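Values below: all heavy atoms of this structure, side chains included; hydrogens, waters and symmetry mates excluded. Note that this is a predicted model, so its numbers are computed, not measured.
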Amino acid sequence: MGMERKRKVSLLDVVDKSKITKINSGGFSSSVASGSIIGGGRGINSWTGRPYSQRYYEILVKRRDLPVWHQKEEFLQVFKSNQTVILVGETGSGKTTQIPQFVLEAIDIKTTPNKRKKMMVACTQPRRVAAMSVSRRVAEEMDVTIGEEVGYSIRFEDCSSARTVLKYLTDGMLLREAMTDPLLERYEVIILDEAHERTLATDVLFGLLKQVLKNRPDLKLVVMSATLEAEKFQSYFDAPLMKVPGRLHPVEIFYTEEPESDYLDAAIRTVVQIHTRETPGDVLVFLTGEEEIEDACRKITKKVAKMGDKVGPVKVVPLYSSLSPAMQQKIFEPAPPPVKEGGPAGRKIVVSTNIAETSLTIDGIVYVVDPGLAKQKVYNPRVRVESLLVSPISKASAHQRSGRAGRTQPGKCFRLYTEKSFQNDLQPQTYPEMLRSNLANTVLTLKKMGINDLVHFDFMDAPAPETLMRALEALNYLGAIDDDGNLTKLGEIMSEFPLDPQMSKMLVVSPEFNCSNEILSISAMLSVPNCFVRPREAQKAADEAKARFGHIDGDHLTLLNVYHAYKQNNEDPLWCYENFINQRVLKAADNVRQQLVRIMARFNLRLCSTDFNSRDYYINIRKAMVAGYFMQVAHLEHTGHYLTVKDNQVVHLHPSNCLDHKPEWVIYNEDVQTNSNYIRTVTYIRGEWIIDIAPHYYDLTNFPLCEAKRVLEKLYKKREKEGRNC
DNA sequence: GAGCACTGC
């Protein structure tokens, strides 16, 4: 809109926003002093008591163009006469920014039962960036300061105040709030946005809110979703459904005639074909992982270069989460200009993981290439392993991907599979995360919220009984719940940590091993992505740098070394660069550590360290690790392979490990199933420690027959003898 | 001797 001013005469003195009529005329010249008013006073913003700004009216005009505005009255009517409403609106309907504002208009903000704070409207988002950016936008639309009437709350950052009446927050954050405020009494209306994504937190909130609504007739719920699976929501919540059209340009879909045997090759060919045959417009290609993406980028660049100046220049940009923000910014750069004036147009080609499906939006994309695959988390409760598998996406995902071609103009989507395969092979929806995860942490959270009967908890999609059983069993071994399934004092403290139960356990008991400072650092390092940078052009130097941090007893201790070195070097970015350490990651770890320290303090858990020169310094740390991770132990068999204890799965040390030998017993942080079955982040421990620290788990009376069992039997006998000698 | 979809507390 630039400096152009809108005629505001008919807007003046209007407070009821719904009655404002749209003004389309060209308006006044920009020589009018900014903020000056023609023809009288302005409407007063009832939130701030100040007159609305120029900008408010400018945005209002655009807001009124959004599809949801055409159904505002309809929405308000349904909202007023029902406790729960389901709203389906596709991309571009404006639901995320407008519905919460409609809701604010429809209710009187009351004070909370304790009379000191106002009650609020909450709107959840699955991602932090969305919560932040949407709330900023809405604050602007409502002409208030962010953090005052409109705010957001995400991990590490609460940007809200006593004045806040509308708060955007991550679904995980609302779940955390429910732990201390089970009836969510500070809210008058809760809006669950992007419900179709079925994140773990949103799914738990579904079940929880269904109960809360029964106990709080004054609470209202709005569930917003982008897909028609909303009918499932409708019957689950027994609520009316309202549909709002989206606003996207048409996207033409193409399928292959025959199935493609090599999707990577097919994707590259398709991109090159688009570049040579189609009209100008940027391309977005979906692939599955970092290595594949880098590989594809090189191949595309090479192929196009070979074609010479018959075709326009291309800018090929990779996109995945572990890329630095600076590199991620490249996706927003414009396509290159023609090599010479009048020559063939340039094109930007973004090669991306799933991150471009939901988390990042790139305008200007006209062509989408979709091989129909993604790395997805799967969970096997039998061996308690979560792993990433390349698997077919759902129809809903394919739809979302194709929509990325129609944001700014009509587009085309090339699906590298047959139409028949789309119809017959793809699941309608992505499996909810709840059904693909280890639920130990979720079960602990539910227990903390007083939900004891998990089998009869009203999940929208109930997890497999075996998954729930495995979770309960693990929590019981950790001492978080007793044999009757009730939360213990220890479990209550554990539930307060934003960590997996094994890690919370390790942290809570670490003062007993006189090493909580070190366990805090290790936990923080394990909670962030890999901190080691390994650029293709300097792999050897990077490996050497990493080796300098190496600790012969294991990767956990190597991580501790890195953290200590980072602090000793005053968090210096140059030091990080020279040592191939990702500074962003270390900063994040420091942030996590501070949060964990605050929680430790809340429960009077002692911060302590063993004397660094004592021979027990590292031994104590490793023992504390055993206290949390005794269920993730592997034993070296005579064959030279490791077997996981009890589950008896053959596993290999991940080649990234820094041990200088193969110890008989190791503890590991995660199991990664790729080409082979690897255990990653591994530390050497002693067999004696596991029977001393976790005898209940290492009770040999119900232990599968294996080499480890025989070794442990001997260790128990040795302990017995020692006992007699004492 | 290999890899890290993406979120979230």
Residues of residues 548-558 of chain A with any non-hydrogen atom less than 4.0 angstrom from an atom of DNA chain B: list those, numerically ordered, please. none
Using a 6.0 Å cut-off, check whether atom CZ of A:F603 has over 12 heavy atoms from anything other than its own residue. yes
With a non-hydrogen cut-off below 4.0 angstrom, is A:T199 in contact with a base, only sugar-phosphate, or nothing? nothing
Could you check whether atom CZ of A:F459 has more than 12 heavy atoms from other residues, nucleotides or ligands sitting under 6.0 Å from it? yes
Identify whether any heavy atom of A:Q376 sits under 4.0 Å from a base atom; if not, whether one sits that close to sugar-phosphate; answer base, sugar-phosphate or nothing. nothing
Sorted by number, residues from residues 166-182 of chain A placing a heavy atom under 4.0 Å from DNA chain B are A:T170, A:G172, A:M173, A:R176
Keeping A:S394 on the side-chain end and A:T430 on the backbone end, is there a donor-acceptor pair under 3.5 Å? yes
Let me see the working for A:N452 and A:F457 under side-chain contact (heavy atoms from CB on, under 4.5 Å), right down to the final yes or no. CA-CA 9 Å; A:N452 281 318; A:F457 184 71; over 6 Å; no
Would you classify A:R128 as touching base, sugar-phosphate or nothing, given that sugar-phosphate means primed atoms plus P, OP1 and OP2, and contacts are heavy atoms under 4.0 Å? sugar-phosphate
DNA chain B contacts made by residues 433-441 of chain A, counting heavy atoms under 4.0 Å: none
Give every residue pair that meets the salt bridge (charged side-chain N to carboxylate O under 4.0 Å, His left out) criterion with at least one member in residues 201-211 of chain A, sequence neighbours excluded. A:R198-A:D203, A:K210-A:D458
How far apart are the C-alpha atoms of A:E292 and A:Y263, what are their side-chain angles, what is the distance that settles it, and do they pass the side-chain hydrogen bond (donor to acceptor under 3.5 Å, both in side chains) test? CA-CA 11 Å; A:E292 189 181 88; A:Y263 70 89; 2.5 Å; yes
Which distance, rounded to the nearest 0.5 Å, do you find between the CE of A:M506 and the CD1 of A:I522? 6.5 Å
Centroid separation A:Y642 to A:Y668 less than 6.0 Å: no
Just to be sure I understand the rule, does A:I154 reach a base, reach only the sugar-phosphate, or reach nothing, if contact means heavy atoms closer than 4.0 Å? sugar-phosphate
Extract, from 5' to 3' on DNA chain B, the first and final nucleotides lying under 4.0 angstrom from some heavy atom of chain A. B:dG1 to B:dC9
Mind checking what makes side-chain hydrogen bond (donor to acceptor under 3.5 Å, both in side chains) contact with A:H654, not counting sequence neighbours? A:S656
Need to verify one output field. Residue with the more 5' nearest nucleotide on DNA chain B, A:K375 or A:Q595? A:K375
Just to verify, what does A:Q583 make a side-chain hydrogen bond (donor to acceptor under 3.5 Å, both in side chains) with, not counting sequence neighbours? none
Excluding sequence neighbours, so at least two apart, what forms salt bridge (charged side-chain N to carboxylate O under 4.0 Å, His left out) with A:E664? none
Could I get the full list of side-chain contact (heavy atoms from CB on, under 4.5 Å) partners for A:S504, not counting sequence neighbours? A:M494, A:F497, A:L499
Near A:E492 CD, under 6.0 Å, is it more than 12 heavy atoms from other residues, nucleotides or ligands? yes
Below 4.0 angstrom, which residues in residues 494-503 of chain A have at least one non-hydrogen atom near DNA chain B? A:P498
Between A:R155 and A:F532, whichever has its closest DNA chain B nucleotide further toward 5' is A:F532
Pair listing, salt bridge (charged side-chain N to carboxylate O under 4.0 Å, His left out) test, anchored in residues 432-452 of chain A, at least two apart: A:K377-A:E433, A:K448-A:E496
A cation-pi test, strictly: NZ or CZ of A:R415 under 6.0 Å from the centre of the six-membered ring of A:F422 and no more than 45 degrees from its axis. Yes or no? yes
Sequence neighbours excluded, every pair satisfying salt bridge (charged side-chain N to carboxylate O under 4.0 Å, His left out) that has a member inside residues 392-403 of chain A: A:E357-A:R401, A:D370-A:R401
